[in-house]
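Take a look at the following structure, please.
This one's a predicted model, so the numbers in the text were calculated from it and none came from an experiment.
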Amino acid sequence: MGLIVWDNGRVRRAKLEDYMDAVYILLNLIPPGMVTSYSTIAKILKVNSRLIGRILALNRDLIIVPCHRVVRSNGSLGGYSRGVMFKRKLLELEGVAFNNLRVSRRCFLENLL
DNA sequence: CATCGAACCAACC
DNA sequence: GGTTGGTTCGATG
């Protein structure tokens with residue numbers, strides 16, 4: 001599955017980098033102190049959840065694209081290109097609560113519905 | 001609750 | 001073609 005894109009007169013399947021702008025927009029809908037999961041983003045974009053991790057790993061601009069706000073659906077941190085310790089620090093600074101090694105359920109945006 | 005393993009799929013070799 | 005990820009989900013104890 002995945003998106004189909006128009007590329008200079010040709011229709012083709014989207015490459016990972018083609019998702020960056022969409023991911024950027026979605027991530028900016030997550031307020032500080034909240035997180036979402038790889039699978040939530042994946043469902044929106046119609047890709048496999050592992051691909052979201054790889055798309056986020058492409059992100060060079062950690063200032064404007066807050067990819068630290070995406071964690072595993074079970075609350076464990078997942079990865080981060082600059083190390084999960086740093087990811088946890090960032091989340092805590094923003095007010096995300098942890099139970100041991102897991103992000104608290106109440107900090108997941110999808111649980112507020 | 002925790003652990004396990006299959007399924008996922010584009011990129012890279 | 002095989003391996004590899006910033007993962008998930010269901011099954012099992």
* **Length of the CZ-P vector between A/Phe86 and C/dG6, whole Å** =>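 The answer, rounded to whole Å, is 18 Å.
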* Asked: Which value, rounded to the nearest 0.5 Å, describes the distance between A/Asp18 atom CG and A/Leu3 atom CG?
  ->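 Answer rounded to 0.5 Å: 8.5 Å.
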* What about A/Tyr80, does its side chain sit under 3.5 Å from the base of C/dG6 through a donor-acceptor pair? ->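 Per atom types, no contact qualifies.
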* Atom-pair distance (CE on A/Met85; P on C/dG6), nearest Å ->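 These atoms are roughly 19 Å apart.
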* Asked: The side chain of A/Ser37 lies closest to which of these nucleotides: C/dT8, B/dA2, C/dG6?
  ->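 Among C/dT8, B/dA2, C/dG6, the one nearest the side chain of A/Ser37 is C/dT8.
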* Heavy atoms only: give me the nearest A/Gly2-A/Val47 pair and the separation to one decimal. =>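 Here A/Gly2 and A/Val47 meet closest at CA-CG1, 4.1 Å.
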* To do: Rounded to the nearest 0.5 Å, what's the gap from CG on A/Leu62 to CG on A/Leu90? Could you check?
  =>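 If I round to the nearest 0.5 Å, the distance is 8.5 Å.
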* Specify the separation, in whole Å, of atom CG of A/Leu45 and atom P of C/dT7. =>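 Roughly 16 Å, once rounded to whole Å.
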* Classify the nucleic acid contact of A/Arg102 as base, sugar-phosphate or nothing, counting any heavy atom under 4.0 Å across all strands shown. =>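 The answer is sugar-phosphate, as A/Arg102 gets under 4.0 Å only of primed atoms, P, OP1 or OP2.
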* Say you draw a straight line from OG of A/Ser81 to CG of A/Leu56; how long is it, rounded to the nearest 0.5 Å? ->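 Going from the OG atom of A/Ser81 to the CG atom of A/Leu56 covers 9.0 Å.
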* If the plane angle is over 60° it's perpendicular, under 30° parallel, otherwise tilted; pick one for A/Tyr80 and A/His68. =>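 It falls in the perpendicular class, over 60°.
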* Return yes when atom CZ of A/Phe98 has more than 12 non-hydrogen atoms of other residues, nucleotides or ligands closer than 6.0 Å, and no otherwise. =>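 Atom CZ in A/Phe98 is crowded, with more than 12 foreign heavy atoms closer than 6.0 Å.
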* What is the nucleic acid contact for A/Gly79, judged by heavy atoms within less than 4.0 Å: base, sugar-phosphate only, or nothing? ->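 Result for A/Gly79 = base.
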* Atom-to-atom span, CG of A/Leu58 to P of C/dG5 - whole angstrom ->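 Whole-Å distance recorded here is 15 Å.
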* Starting from P on C/dT8, measure out to CZ on A/Phe108 and report it in whole angstrom. =>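 For the pair A/Phe108 CZ and C/dT8 P, the rounded distance is 9 Å.
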* **For atom OH of A/Tyr38 and atom C1' of C/dC9, their distance in whole Å** =>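 Distance check: A/Tyr38 OH to C/dC9 C1' gives 17 Å.
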* Asked: Phosphate oxygens OP1/OP2 of C/dG6: is one of them under 4.0 Å from a side-chain N or O of A/Ser81?
  ->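 It does not, given that no N or O in the side chain of A/Ser81 lies less than 4.0 Å from OP1 or OP2 of C/dG6.
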* Atom-to-atom span, CG of A/Leu90 to P of C/dG6 - whole angstrom ->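 Rounded to whole Å, this separation is 18 Å.
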* **Nearest-Å distance for atom pair CD1/P, residues A/Ile52 and C/dT4** =>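 Roughly 22 Å, once rounded to whole Å.
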* In B/S/- notation, 5' to 3', how is nucleotides 6-13 of chain B contacted by protein heavy atoms closer than 4.0 Å? -> -BBBBS--
* Asked: Across all strands shown, which nucleotide pairs with B/dC8 by Watson-Crick or G-U wobble geometry, both distances under 3.5 Å?
  ->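 When the pairing criteria are applied, nothing turns out to pair with B/dC8, so the answer is none.
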* Asked: Restricting to pairs with a member in residues 94-103 of chain A, which pass salt bridge (charged side-chain N to carboxylate O under 4.0 Å, His left out), not counting sequence neighbours?
  ->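 Non-adjacent pairs meeting salt bridge (charged side-chain N to carboxylate O under 4.0 Å, His left out): A/Arg69-A/Glu94.
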